[in-house]
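Everything below concerns the one structure shown next.
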Amino acid sequence: KYAITKFAKDVLSVSDNLRRALDAMPADLVQSDPRLKNLIDGIEATERELLKSFEMHGIRKINPMDEPFNPNFHEVMFEAPGTGKPAGTVIQVIETGYLLYDRLLRPARVGVAKDEGQGNGKAPPGHAFDASA
């Protein structure tokens, strides 16, 4: 069941690069040039086939947009203030994560909403300010 773990990890970069190629193509160029549209269609078909193969072998994407941060499946790359979302909510997925059945192959690398200090008025440990003093 898990014998393909190393191979699966190696192939994840192929999926990432196909997605990067699709995301990098400006929509206005694709619509104005039918040759580029055909190229994009081919890349999308290749990505679909790869993802279909992943599913057949128990590999699933982790795309946690707008979900609470989970340290078992996500890796925080940055925190952003002023998002209007609860602290710890995933606001951006930088790199999709993957599971092999129930095991983590790669964590989703994410940006999360920052805790903007609407807490209890106490400073974090190691800070001089404490409102209760």
Side-chain angles (χ1 to χ4, degrees):
K1 184 174 175 179
Y2 299 107
I4 66 166
T5 299
K6 183 172 179 349
F7 175 75
K9 285 181 181 181
D10 291 343
V11 177
L12 296 182
S13 63
V14 174
S15 178
D16 293 340
N17 287 332
L18 288 171
R19 178 52 30 201
R20 282 186 198 105
L22 291 168
D23 291 344
M25 191 62 65
D28 58 334
L29 284 179
V30 172
Q31 292 182 6
S32 67
D33 189 340
R35 295 172 297 173
L36 286 178
K37 173 79 171 101
N38 290 336
L39 175 65
I40 294 298
D41 288 347
I43 295 171
E44 287 173 340
T46 303
E47 182 187 43
R48 279 191 305 274
E49 286 296 315
L50 181 62
L51 294 176
K52 184 177 163 185
S53 293
F54 281 2
E55 286 181 31
M56 288 175 30
H57 295 283
I59 301 169
R60 295 180 295 134
K61 277 187 172 188
I62 302 172
N63 193 358
M65 190 65 173
D66 293 323
E67 294 177 7
F69 170 74
N70 181 336
N72 296 315
F73 299 106
H74 313 146
E75 179 181 344
V76 174
M77 304 306 288
F78 69 90
E79 289 182 300
T83 63
K85 299 203 179 197
T89 301
V90 174
I91 58 168
Q92 182 179 353
V93 178
I94 299 165
E95 187 174 62
T96 305
Y98 288 90
L99 294 171
L100 176 59
Y101 297 104
D102 57 345
R103 288 188 187 170
L104 187 66
L105 281 175
R106 181 177 79 194
R109 291 183 174 93
V110 300
V112 296
K114 186 173 184 169
D115 182 355
E116 300 200 41
Q118 291 104 10
N120 59 11
K122 293 184 178 178
H127 286 76
F129 170 78
D130 186 347
S132 64

Output the distance between atom [atom1] ([X]) and atom [atom2] ([Y]), rounded to the nearest 0.5 Å.
{"X": "L100", "Y": "F7", "atom1": "CG", "atom2": "CZ", "value": "12.0 Å"}
{"X": "N72", "Y": "H74", "atom1": "CG", "atom2": "NE2", "value": "9.0 Å"}
{"X": "M56", "Y": "K52", "atom1": "CE", "atom2": "NZ", "value": "7.0 Å"}
{"X": "L105", "Y": "K9", "atom1": "CG", "atom2": "NZ", "value": "6.5 Å"}
{"X": "E67", "Y": "I62", "atom1": "CD", "atom2": "CD1", "value": "9.5 Å"}
{"X": "R109", "Y": "Q92", "atom1": "CZ", "atom2": "CD", "value": "14.0 Å"}

Honestly curious: do [X] and [Y] fall in one hydrophobic cluster under the side-chain, below-4.5 Å linking rule?
{"X": "Y98", "Y": "F73", "value": "no"}
{"X": "L50", "Y": "I40", "value": "yes"}
{"X": "M77", "Y": "F69", "value": "no"}
{"X": "I94", "Y": "V76", "value": "no"}
{"X": "L99", "Y": "F54", "value": "no"}

*Angle class for the Y2/Y101 ring planes (parallel below 30°, perpendicular above 60°, tilted otherwise)?*
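Perpendicular.
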
*Can you establish whether the number of heavy atoms outside K114 located under 6.0 Å from its atom NZ is more than 12?*
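Counting neighbours around NZ of K114, 12 or fewer heavy atoms of other residues, nucleotides or ligands fall under 6.0 Å, so no.
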
*Quick one: which of E44, E95, E47 gives a side chain to side chain donor-acceptor pair (under 3.5 Å) with R19?*
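Output: one option passes, namely E47.
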
*Using a 4.5 Å cut-off on heavy atoms from C-beta on, say whether the side chain of P64 contacts that of V110.*
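Counting from C-beta outward, V110 and P64 do come under 4.5 Å.
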
*Just by modelled atom types, is the T96 backbone N or O under 3.5 Å from a matching donor or acceptor in the R106 side chain?*
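Flag set: sc R106 to bb T96 pair under 3.5 Å.
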
*Nearest heavy-atom neighbours spanning V30 and M25*: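 Residues V30 and M25, closest heavy atoms: CG2-CG, 3.1 Å.
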
*Over all heavy atoms of both residues, which pair between S32 and L29 is shortest? Give the atoms and the distance, please.*
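So the two residues come closest at OG-O, 3.1 Å.
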
*Quickly, which of N38, N17, L22 forms a side chain to side chain contact (heavy atoms under 4.5 Å, CB included) with I43? Name it, please.*
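One option only clears the test, and that one is L22.
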
